[in-house]
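Below is one structure; the comments refer to it alone.
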Amino acid sequence: MQEYMLSATHDPARETDPKTGRWDPRRMVGSFPPSRILSIVGTNSRDYSVAAGLSSAVMGVQSDGLVAIRNAYVYGGARAYIHRSHSGRYGLVNSEETYQNLSRFLFGGLRVEVAPHGVELDRNDRIWQGEARLAIRGVPALIHEQPADHYCPIDLNATEKGIAGPLSPVPLMTINLQPKNVRKCRYALDLNLNLKIISLKETGGTLGFGGHLEQIADWQDTLIVDVEVNDKGAARSVTWEWNSTLAVRITEQAELPNQLDWAPGKSSDGQWQLPVPIVPMGQAVLGSHARLQLSIGLWA
């Protein structure tokens with residue numbers, strides 16, 4: 001490993017912070033692609049009881065009790081934020097959330113990336129935050145959570161500019177899926193991406209809550225996606241719908257009505273780039289050209 005890290009492909013600039021010029025452990029050394037790395041980021045500091053809770057108290061709420069959220073990921077790699085502490089009975093290692101993420105990352109056949117495009121936020125002295133939760137049908141746990149009450153909401157101001165940071169992954173979310181040897185494995189490939197957009201007015205560096213209604217978002221909806229695969233496990237078609245526009249409960253919806261354009265020539269390097277329009281209420285908040293971009297490709 002040491003020999004590899006000091007190989008001819010070593011790029012000293014790659015592992016330094018561009019602002020300070022100092023070594024940054026979140027940046028990869030050598031030519032190993034960051035896309036092959038998964039960071040499990042814990043967001044529950046309260047359940048870390050080591051040293052009679054002293055470690056948790058020192059690290060603060062934006063941590064897993066031992067490691068700060070800002071230091072718990074690798075730039076350019078996939079991230080999964082889960083509400084678990086660093087270790088112990090309610091820790092990362094023993095959690096269903098970590099198992100589900102790792103098993104798909106190591107043995108999954110498809111990789112899906114979700115990224116916002118065309119977002120134009122109304123600055124006007126407002127701070128914008130997003131909340132995201134990801135569920136896969138058949139899995140009894142959320143495998144990704146970034147809500148405000150876990151002290152890790154998405155920094156939409158940075159996300160709008162494409163700036164990767166502790167609370168602004170680029171892409172917004174990466175999911176690995178495990179298709180079975182059947183043509184359509186809906187239980188494994190259904191994605192529920194819940195988006196909640198919140199804004200707060202800032203005056204002189206202080207956030208104001210005068211016009212704020214707790215738990216009421218500027219916009220909130222859930223995107224439902226079905227992915228159909230062929231005999232080799234490659235994505236074959238993608239259908240979707242926003243939960244707010246469904247006429248029946250999602251459990252009663254046999255087929256999703258909207259199919260993404262899956263024509264030849266739409267893929268780049270084996271990755272399908274599929275834009276999902278945002279409902280009018282969402283566009284009223286995020287801009288008239290706002291959409292979600294799905295990148296779907298084989299993962300091995």
Side-chain angles (χ1 to χ4, degrees), residues 75-76 78-79 81 112-135 144-150 152-175 191-225 238-246 256-262 266-268 271-296:
Y75 276 105
R79 304 184 212 172
Y81 292 76
V112 181
E113 295 180 347
V114 183
H117 283 262
V119 174
E120 296 178 357
L121 299 173
D122 178 14
R123 298 291 179 175
N124 195 25
D125 297 328
R126 301 194 77 83
I127 299 298
W128 290 88
Q129 295 179 342
E131 295 188 359
R133 293 176 173 88
L134 176 66
H144 180 98
E145 290 186 272
Q146 271 193 271
D149 57 0
H150 295 172
C152 58
I154 300 166
D155 181 356
L156 286 178
N157 300 280
T159 301
E160 179 190 19
K161 300 177 182 179
I163 301 174
L167 301 180
S168 55
V170 177
L172 182 65
M173 192 174 295
T174 302
I175 313 106
L191 307 180
N192 295 331
L193 174 59
N194 183 274
L195 293 175
K196 183 176 181 180
I197 310 302
I198 303 169
S199 64
L200 292 172
K201 192 170 184 63
E202 181 185 37
T203 304
T206 302
L207 295 180
F209 290 84
H212 174 70
L213 286 174
E214 185 62 23
Q215 300 299 316
I216 304 298
D218 290 76
W219 173 60
Q220 183 173 6
D221 210 334
T222 300
L223 177 65
I224 315 296
V225 179
V238 176
T239 54
W240 63 274
E241 185 59 286
W242 290 97
N243 190 54
S244 62
T245 61
L246 288 176
L256 300 179
N258 301 308
Q259 183 159 344
L260 294 175
D261 188 359
W262 205 253
K266 292 290 183 178
S267 65
S268 174
Q271 291 282 333
W272 292 90
Q273 306 294 326
L274 306 169
V276 176
I278 291 178
V279 294
M281 183 58 203
Q283 290 186 342
V285 174
L286 299 177
S288 59
H289 301 291
R291 67 188 187 278
L292 289 181
Q293 189 86 4
L294 301 184
S295 299
I296 304 176

Atom of [X], atom of [Y] and distance for their closest heavy-atom approach:
X: Ala290; Y: Gln283; answer: O-NE2, 3.7 Å
X: Leu172; Y: Pro116; answer: CB-CD, 3.9 Å
X: Ser244; Y: Val279; answer: OG-CG1, 4.3 Å
X: Gln146; Y: Cys152; answer: NE2-O, 3.2 Å
X: Ile154; Y: Glu131; answer: CD1-C, 4.4 Å

- request: Dump the intermediate steps for side chain to side chain contact (heavy atoms under 4.5 Å, CB included) on Thr174 and Val112, then the final yes or no.
  value: CA-CA 6 Å; Thr174 302; Val112 181; over 6 Å; no

Within this structure, what is the [atom1]-[atom2] distance for the pair [X] and [Y], rounded to the nearest 0.5 Å?
X: Leu274; Y: Leu292; atom1: CG; atom2: CG; answer: 12.0 Å
X: Leu286; Y: Leu121; atom1: CG; atom2: CG; answer: 6.5 Å
X: Asp155; Y: Gln129; atom1: CG; atom2: CD; answer: 7.5 Å

query: Any side-chain heavy-atom pair from Ile278 and Trp219 closer than 4.5 angstrom?
result: yes

Under the side chain to side chain contact (heavy atoms under 4.5 Å, CB included) test against [X], which residue among [options] passes?
X: Lys161; options: Asn157, Ile163, Thr159; value: Ile163
X: Thr239; options: Leu256, Asn258, Ile224; value: Leu256
X: Tyr81; options: Arg133, His144, Glu145; value: His144

task: Tell me, yes or no, whether the heavy-atom count around His289 atom NE2, taken from other residues, nucleotides or ligands under 6.0 Å, exceeds 12.
output: no

